[in-house]
Amino acid sequence: MSRPRVVVAGLGDSGLLTAIHLARADVEVVGISSKPGLVSGQELGLRLARPEAWSRDYRIGFGRFRRLDRAELVHGELTGLDLAGRRVALGDRTIGYDVLVVATGVSNGFWRRPGFQTDDDVTAALAADHARLAAAGSVLVVGGGAAAVSTALQVATRWPATTVTLAFPGERALPQHHPRVWDVARRRLDRAGVLLQAGHRADVPDGFAADAITSGPVDWSTGQPATAADAVVWAIGRVRPNTAWLPLELLDDAGFVRVEPTLRVPGTDEVFAIGDVAATDALRSSARNRADRLLAANVRAHLTGRPLRGFTPPRRRWGSVLGPEADGLRVFAPSGHPFRFPAWSVHRVLQPWIVRRGIYRGVRSP
Ligand SMILES: Cc1cc2nc3c(=O)[nH]c(=O)nc-3n(C[C@H](O)[C@H](O)[C@H](O)COP(=O)(O)OP(=O)(O)OC[C@H]3O[C@@H](n4cnc5c(N)ncnc54)[C@H](O)[C@@H]3O)c2cc1C
């Protein structure tokens, strides 16, 4: 008897994990990705400041994931979906499915782009962004979320002679985190010599996509004098869902994929969505809250006629904000309390045992 085929569309952080859980003997998994391997959207600061260290943990070729040995991987860009015919399209090629998992994420700034890339393209982009910041005497980071805060801290600690400024619109940065997280982050930023400009909202010209590192000066719509900088990193949260390939009937007004708590798309039986593209909750937090396990269980439940379970998101953002520092990696709980993995444990315990063995179920050495 032929096995049901699950197509996982997008193999970033959450599509990859969903494919890993599903790729067992009972299901045929086809994973489709415009990237040649996992190129994670996590830890922007580390990626810019120390791309080789970032690549070790956040850029991993698909061939290294043991659990993907049973999956078929297609390196290409999805262009369409025929819901009635249960087929996805990559240009002229179509692939049929019994279940479709949409995990194509969002575009954000210059570091998360949905287009087709080879390994060489990824290497070149990482090197170019790093070189741009390495050559700058002054760096202005615009934005108040985790990507902005981690960039400011990591750039300041990597290049202590560089003047680093973090400008954000509110009284404090990290408004979606518990206030305790900002208290810790502010102290770390102060210590690293980052200049903080609260209450600065950038004057973003119409049509400016904020998808490249630019040069200053930056004007402020909040009235302060313009800020000059050799390099400006825009991390202003202008996320756009990667859903141009999907029929509009699956999307909400902002273009994200509508989902029920079970992660099933309403009005369909066999289409599910997860990760930043899925409109699960206000923070669209199913990626960091590891809904991949629930989704894989729900796909199996759907295929065997069992009831599906629901995803319950926490109200606040949590996780790593600052990235790895000299004294270790701080992970913040939803209550804002940090737990610090000491530096020695990150590469001896956290990455090999918790991440590679526990989360990814086995990753081969490069
Ligand atoms: C284990 C884990 C830990 C996390 N920890 C943290 C944390 O500590 N702090 C924190 O802030 N966040 C954390 N996050 C969340 C993270 O910040 C993002 O939410 C996550 O990267 C989003 O994953 P995604 O799969 O939705 O999107 P992505 O990782 O962006 O994946 C989408 C993929 O789809 C591809 N794609 C897009 N369009 C197409 C197309 N048309 N055809 C083919 N492919 C396409 C993209 O190129 C990309 O590879 C974590 C997530 C996970 C899974």
Side-chain angles (χ1 to χ4, degrees), residues 1-38 62-63 65 67-105 114-117 241-252 255-260 262-279 286-287 291-308:
M1 209 178 73
S2 74
R3 298 177 296 160
R5 182 189 287 161
V6 180
V7 166
V8 181
L11 292 176
D13 283 319
S14 45
L16 171 70
L17 284 165
T18 307
I20 281 174
H21 301 310
L22 286 168
R24 290 201 242 138
D26 56 337
V27 174
E28 176 191 350
V29 172
V30 180
I32 303 173
S33 175
S34 53
K35 307 297 174 208
L38 174 66
F62 291 134
F65 294 96
R67 281 288 189 91
L68 288 188
D69 289 352
R70 287 174 184 267
E72 183 189 336
L73 300 175
V74 179
H75 185 191
E77 193 171 350
L78 288 144
T79 51
L81 166 62
D82 170 6
L83 268 181
R86 293 190 185 178
R87 303 190 78 75
V88 292
L90 299 93
D92 295 341
R93 178 177 178 190
T94 67
I95 300 174
Y97 63 81
D98 296 298
V99 173
L100 173 65
V101 172
V102 178
T104 42
F116 183 89
Q117 280 186 309
N242 297 326
T243 50
W245 62 284
L246 291 172
L248 288 177
E249 63 197 275
L250 302 190
L251 310 181
D252 69 10
F256 293 88
V257 180
R258 290 182 293 117
V259 283
E260 296 164 351
T262 58
L263 302 181
R264 178 140 63 184
V265 177
T268 74
D269 249 359
E270 66 291 325
V271 182
F272 295 79
I274 186 166
D276 290 1
V277 79
S286 62
D292 43 276
R293 286 173 294 214
L294 173 102
L295 174 54
N298 280 353
V299 167
R300 282 209 161 78
H302 161 73
L303 290 170
T304 51
R306 286 179 291 119
L308 276 52

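No hydrogens, no waters, no symmetry mates; every other heavy atom, side chains included, goes into these values. Predicted model, so just to flag it, every value in this text is computed and none were measured.
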Value rounded to 0.5 Å, distance of CG in L78 from CG in N242: 10.5 Å
Check: T104 and V257 side chains under 4.5 Å, non-hydrogen atoms: no
Gap between atom CZ of R24 and atom CZ of R3 - 0.5 Å precision: 12.5 Å
List, one per line, each side-chain donor-acceptor pair under 3.5 Å for residues 70-77, sequence neighbours excluded.
unit_1: H75; atom_1: NE2; unit_2: S34; atom_2: O; d: 3.3
unit_1: H75; atom_1: NE2; unit_2: Q117; atom_2: O; d: 3.0
unit_1: E77; atom_1: OE1; unit_2: F116; atom_2: N; d: 3.4

Separation between CG of L246 and OG1 of T79, rounded to the nearest 0.5 Å: 11.0 Å
Separation of D252 CG from T243 OG1 (nearest 0.5 Å): 8.5 Å
Nearest-0.5 Å distance, CG of residue N298 to CZ of residue R264: 8.0 Å
Partners passing side-chain contact (heavy atoms from CB on, under 4.5 Å) against A301 (at least two apart in sequence or in another chain): R306, L308
Heavy-atom donor-acceptor pair, R5 side chain to G96 backbone, under 3.5 Å: yes
Test side-chain hydrogen bond (donor to acceptor under 3.5 Å, both in side chains) applied to R93 - qualifying residues, sequence neighbours left out: none
Qualifying residues under side-chain hydrogen bond (donor to acceptor under 3.5 Å, both in side chains), relative to R300, sequence neighbours excluded: D26
Chi angles and distances behind the side chain to side chain contact (heavy atoms under 4.5 Å, CB included) call for T94, D82: CA-CA 9 Å; T94 67; D82 170 6; over 6 Å; no
Sequence neighbours excluded, every pair satisfying side chain to side chain donor-acceptor pair (under 3.5 Å) that has a member inside residues 10-19: D13-S40, D13-Q42
Side-chain donor-acceptor distances from residues 269-279 under 3.5 Å, at least two apart:
unit_1: E270; atom_1: OE1; unit_2: R86; atom_2: NH2; d: 3.3
unit_1: D276; atom_1: OD2; unit_2: R112; atom_2: NH1; d: 3.0
unit_1: D276; atom_1: OD2; unit_2: R112; atom_2: NH2; d: 3.0

Any L38 side-chain heavy atom under 4.5 Å of L11 side chain: no
Point-to-point distance, once rounded to the nearest 0.5 Å, from CG of D98 to NE2 of H302: 8.0 Å
Side-chain donor or acceptor of R67 paired with backbone N/O of A19 under 3.5 Å: no
Exercise: identify the closest heavy-atom pair between F62 and P36: CD1-O, 3.5 Å
Exercise: identify the closest heavy-atom pair between V27 and L22: CB-O, 3.7 Å
Closest heavy-atom pair and its distance - G15, V8: O-CG1, 3.6 Å
Steps toward side chain to side chain contact (heavy atoms under 4.5 Å, CB included) verdict (L250, L81): CA-CA 11 Å; L250 302 190; L81 166 62; 3.8 Å; yes
